[in-house]
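Pasting in a structure now, in structure tokens, and then I'll have a few things to ask.
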There are 2 protein chains.
Amino acid sequence: MDCGKVEQTLRLYQIKPSYHRIRIYQYLLERRNHPSADMIFQSLVREIPSLSKATVYNTLHLLAGKGLVRILGIVDNEARFDADTMLHGHFLCTFCGCIQDVHFQGALNDLLGLENCTIDESHLYFKGRCAVCRGLEQPLEPGDEAAGPENSS
Amino acid sequence: MDCGKVEQTLRLYQIKPSYHRIRIYQYLLERRNHPSADMIFQSLVREIPSLSKATVYNTLHLLAGKGLVRILGIVDNEARFDADTMLHGHFLCTFCGCIQDVHFQGALNDLLGLENCTIDESHLYFKGRCAVCRGLEQPLEPGDEAAGPENSS
DNA sequence: CTCTAAATTTAGAATGATTCTAAACTACTG
DNA sequence: CAGTAGTTTAGAATCATTCTAAATTTAGAG
């Protein structure tokens, strides 16, 4: 991903493109692995030793506030971040922890109970066992691995 | 809600109906306000002074594990609990913090990406501003109030 | 009714993601 | 070069949740 292009996008969204912001947003754009703040920090701090975790949080919230990043609440104890802001859902494998994009067709009609509400965000989450954990597929994208199993039942 | 009926349901789901478990599940059944663990604790500890917060967590996870309760990940920093296990979504008002049930018709077809996965749970969340906060409805159900605003922008 | 083992509950400590704070640093402006 | 606003930093603080080991309660056997 071209660094200049990332910079341009940030500017377009009224975000001053500091070095750290570029690197963090670039990480999200290149590795579409729905990382946690800590995963981003651990990966970038190797190249930017002075990087602070607070900067990662600050930047992620800034990006989210401007609509460049979506915050996923699919994992229990930590937020995950996604630079893909197009409408789509997510699947969490509760065995290996991987998160996959879910695209769908069709629509939900007549959302009963929301007649007079404004909707700013929608989230669609699925949880279960992924194809690899079921032994039906070979692991393909090494960037999408998770730290470890969360569920051993 | 009849206490004996609650007891029966617990037994049906292979949960030994101790006093605390009955009270906690009864709370969830009566007050359909999607409470946090702390809200349940604060409410019940007034009548059961010896109640421990660990018991609330233990019981909620037990109920969730048996399928009697759903854990909602709609709020950022805390889990919410719902005794209604029928398929439905939820709406969070980011201004007053209230959570409303969302029922819908229609279906999502062709969940691309999940072809070889098993799905154990699905969650549909919306966030926005509720009818009351928009001034279009009068507050109706006092049991569904939240602690305070989470968003003042 | 008493004893015993298992299950349940408890208080408080520990954990860990996130937020806060105040200071240090950087980049522009004049 | 000084001033100001914006950015970054380390480390402390917060807070929901989990863990731990002990205390208590329950159920069943004798």
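In what follows, every chain begins at residue 1, and chains take the letters A, B, ... in the order their sequences are listed. For the numbers below, each heavy atom of this structure counts, side chains included, while hydrogens, waters and symmetry mates do not.
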Please report the distance, rounded to the nearest Å, between CG in B/L72 and C1' in D/dT17.
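The distance from CG of B/L72 to C1' of D/dT17 comes to 17 Å, rounded to the nearest Å.
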
Show me the donor-acceptor pairs, under 3.5 Å and distance only, between side chains in residues 11-19 of chain A and residues at least two apart or in other chains.
from, atom 1, to, atom 2, distance (Å)
A/R11, NH2, A/E7, OE2, 2.7
A/S18, OG, A/R21, N, 3.3
A/Y19, OH, A/R23, NH1, 2.9

Between atom CD1 in B/I24 and atom P in C/dT8, what is the gap in whole Å?
13 Å

Residues 71-91 of chain B vs ring pair (Phe, Tyr, Trp, His ring centres under 6.0 Å), sequence neighbours excluded, gives B/H34-B/H90, B/H88-B/H90, B/H88-B/H103

When you check the phosphate oxygens OP1 and OP2 of C/dT10, does a side-chain N or O of B/T55 lie under 4.0 Å from one of them?
yes

Using whole Å, what does the distance between atom P of nucleotide D/dT18 and atom CG of B/L62 come to?
14 Å

Give the residues of residues 40-48 of chain B touching DNA chain D, defined as any heavy atom closer than 4.0 Å, sorted by residue number.
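DNA chain D contact set from residues 40-48 of chain B: none.
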
For A/N116, check side chain to side chain contact (heavy atoms under 4.5 Å, CB included) against everything at least two apart and list the hits.
B/A131, B/L136, B/E137

Just so I know, are the side chains of A/V132 and A/Q138 near enough to count as touching, which here means a heavy-atom distance under 4.5 Å?
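No, their side chains stay 4.5 Å or more apart.
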
Pairwise side-chain hydrogen bond (donor to acceptor under 3.5 Å, both in side chains) hits with a residue in residues 53-69 of chain B, at least two apart
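Residue pairs with at least one partner in residues 53-69 of chain B: B/D38-B/K53.
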
Taking side chain to side chain contact (heavy atoms under 4.5 Å, CB included) as the test, write out the residues that go with B/T85, two or more places apart.
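With sequence neighbours excluded, B/T85 shows a side chain to side chain contact (heavy atoms under 4.5 Å, CB included) to B/R70, given in chain and number order.
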
Do B/L28 and B/I40 have side-chain heavy atoms sitting under 4.5 Å apart?
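Sidechains of B/I40 and B/L28: in contact.
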
What are the atom names and distances for every N/O pair under 3.5 Å that joins the protein to nucleotides 18-28 of chain C?
from, atom 1, to, atom 2, distance (Å)
C/dT18, OP1, A/A79, N, 2.6
C/dT18, OP2, A/Y57, OH, 2.5
C/dT18, O5', A/Y57, OH, 3.3

OP1, OP2 of C/dT10 versus side-chain N and O of B/H20: anything below 4.0 Å?
yes

B/L92 and B/V75: side-chain contact (heavy atoms from CB on, under 4.5 Å), yes or no, with the steps?
CA-CA 8 Å; B/L92 169 70; B/V75 181; 4.2 Å; yes

Look at the side chain of A/R21 and decide which nucleotide, out of C/dT9, D/dT7, C/dT10, has an atom nearest to it.
D/dT7

Less than 4.0 angstrom between a side-chain N/O of B/S18 and OP1 or OP2 of C/dA7, yes or no?
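Checking B/S18 against C/dA7: no side-chain N or O falls below 4.0 Å of OP1 or OP2.
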
Which ring pair (Phe, Tyr, Trp, His ring centres under 6.0 Å) pairs, counting each pair once, include a residue from residues 114-140 of chain A, with sequence neighbours left out?
A/H123-A/Y125, A/Y125-B/Y125

Rounded distance (Å) that lies between atom P of C/dT8 and atom CZ of B/R23
19 Å

